[in-house]
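Quantities reported herein were computed from a predicted structural model and do not represent experimental measurements.
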Amino acid sequence: QVQLVESGGGSAQAGGSLRLGCVVTGNAYLSLCIAWFRQAPGKEREGVASIYTGSGATSYVNTVKGRFTASQGTAKNSAHLQLDNVRPKDTSIYFCAATKPGFPCRNPLRAGDFRYWGQGTQVTVHS
């Protein structure tokens with residue numbers, strides 16, 4: 001049974017850094033796409049970044065390019081999202097999501113491609 005565990009988040013001053021983690025358990029063999037979405041109050045959910053655990057290939061939405069970095073974790077099908085030079089507009093609930101095993105990342109990110117979702121973690125950036 002596949003499960004997804006999120007970690008990290010919290011608060012930072014503008015220009016600071018935060019780190020999010022995501023581990024997909026229950027599937028030890030096939031690679032998959034891990035992505036982070038975010039949703040601020042009153043706004044639609046937005047795909048922010050993704051990483052394919054097979055190749056390590058990453059993609060980012062334009063608003064975070066050069067500031068956010070997705071990387072693979074030490075365990076298979078785990079990943080981190082490093083948030084650097086954060087801005088108040090980055091304040092949101094961040095959700096980690098994973099596709100079914102064997103499914104690639106598609107660009108732009110579509111929430112419907114992701115079968116497994118974390119509970120969400122709050123990221124707050126103070127100006």
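- The neighbour count for E44 CD, taken as heavy atoms of other residues, nucleotides or ligands under 6.0 Å away, does not exceed 12.
- In this structure, L30 CG and K76 NZ are separated by 7.5 Å, a value rounded to the nearest 0.5 Å.
- Across all their heavy atoms, A49 and Y60 have their closest contact at CB-CD2, 3.6 Å.
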(Q) Between D90 and R67, is the side chain to side chain contact (heavy atoms under 4.5 Å, CB included) condition met? List the steps. (A) CA-CA 11 Å; D90 295 322; R67 301 188 299 119; 2.7 Å; yes
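- Here the side chain of R115 pairs no donor or acceptor atom with the backbone of K100 at under 3.5 angstrom.
- Across all non-hydrogen atoms, the minimal contact from V86 to A12 is CG2-CB, 4.2 Å.
- F68 contributes atom CZ, which lies 5.5 Å from atom CZ of R38 (distance to the nearest 0.5 angstrom).
- The cluster map of Ile, Leu, Val, Met, Phe, Trp and Tyr, joined by side-chain heavy atoms under 4.5 Å apart, puts L18 and F95 in different clusters.
- When atom types are taken as modelled, the side chain of Q39 and the backbone of I93 share no donor-acceptor pair closer than 3.5 angstrom.
- A donor-acceptor pair is defined here as one N or O able to donate and one able to accept, closer than 3.5 Å; no such pair exists between the side chain of T121 and the backbone of Y94.
- C33 approaches Y52 most closely through the heavy-atom pair N-CD1, 4.0 Å.
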Q: With side chain to side chain donor-acceptor pair (under 3.5 Å) as the test, would you mind laying out the steps for T53 and N77 before giving the verdict?
A: CA-CA 6 Å; T53 63; N77 292 336; 2.7 Å; yes
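- Side-chain contact between V24 and Y116 is absent, with no heavy atoms from C-beta onward closer than 4.5 Å.
- In this structure, V23 is not a member of the same hydrophobic cluster as I51, with clusters built from ILVMFWY side-chain heavy atoms closer than 4.5 Å.
- Residue W36 comes nearest to G21 through the heavy atom pair CZ2-C, 4.5 Å, listed as atom of the first residue, atom of the second, then distance.
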Q) Could you go step by step and tell me if C96 and L4 meet the side chain to side chain contact (heavy atoms under 4.5 Å, CB included) rule? A) CA-CA 8 Å; C96 178; L4 192 151; 3.8 Å; yes
Q) Do S11 and H126 pass the side chain to side chain contact (heavy atoms under 4.5 Å, CB included) test, and can you show the C-alpha distance, the side-chain angles, and the key distance before you say yes or no? A) CA-CA 7 Å; S11 62; H126 303 285; 3.8 Å; yes
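- In the hydrophobic clustering of ILVMFWY residues, with side-chain heavy atoms under 4.5 Å counting as a link, I34 and F114 come out apart.
- No donor-acceptor pair under 3.5 Å is formed between the side chain of Q122 and the backbone N or O of G9.
- L109 CG to F37 CZ: the interatomic distance, rounded to the nearest 0.5 Å, is 5.0 Å.
- Taking SG of C22 as the start and CH2 of W117 as the end, the distance is 10.5 Å to the nearest 0.5 Å.
- The shortest non-hydrogen separation linking A40 to S92 is N-OG, 3.1 Å.
- Of all heavy-atom pairs spanning S127 and A14, the tightest one is CA-CB, 4.3 Å.
- Rounding to the nearest 0.5 angstrom, the gap separating the CG atom in L81 from the OG1 atom in T69 is 7.5 Å.
- Here the CG atom belonging to L83 is positioned 8.0 Å from the OG atom belonging to S17, to the nearest 0.5 angstrom.
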Q: Please lay out, stage by stage, how L32 and F103 fare under the test side chain to side chain contact (heavy atoms under 4.5 Å, CB included).
A: CA-CA 5 Å; L32 43 72; F103 198 88; 5.9 Å; no
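- Looking at T63 and K89, their side chains never come closer than 4.5 Å, going by heavy atoms from C-beta outward.
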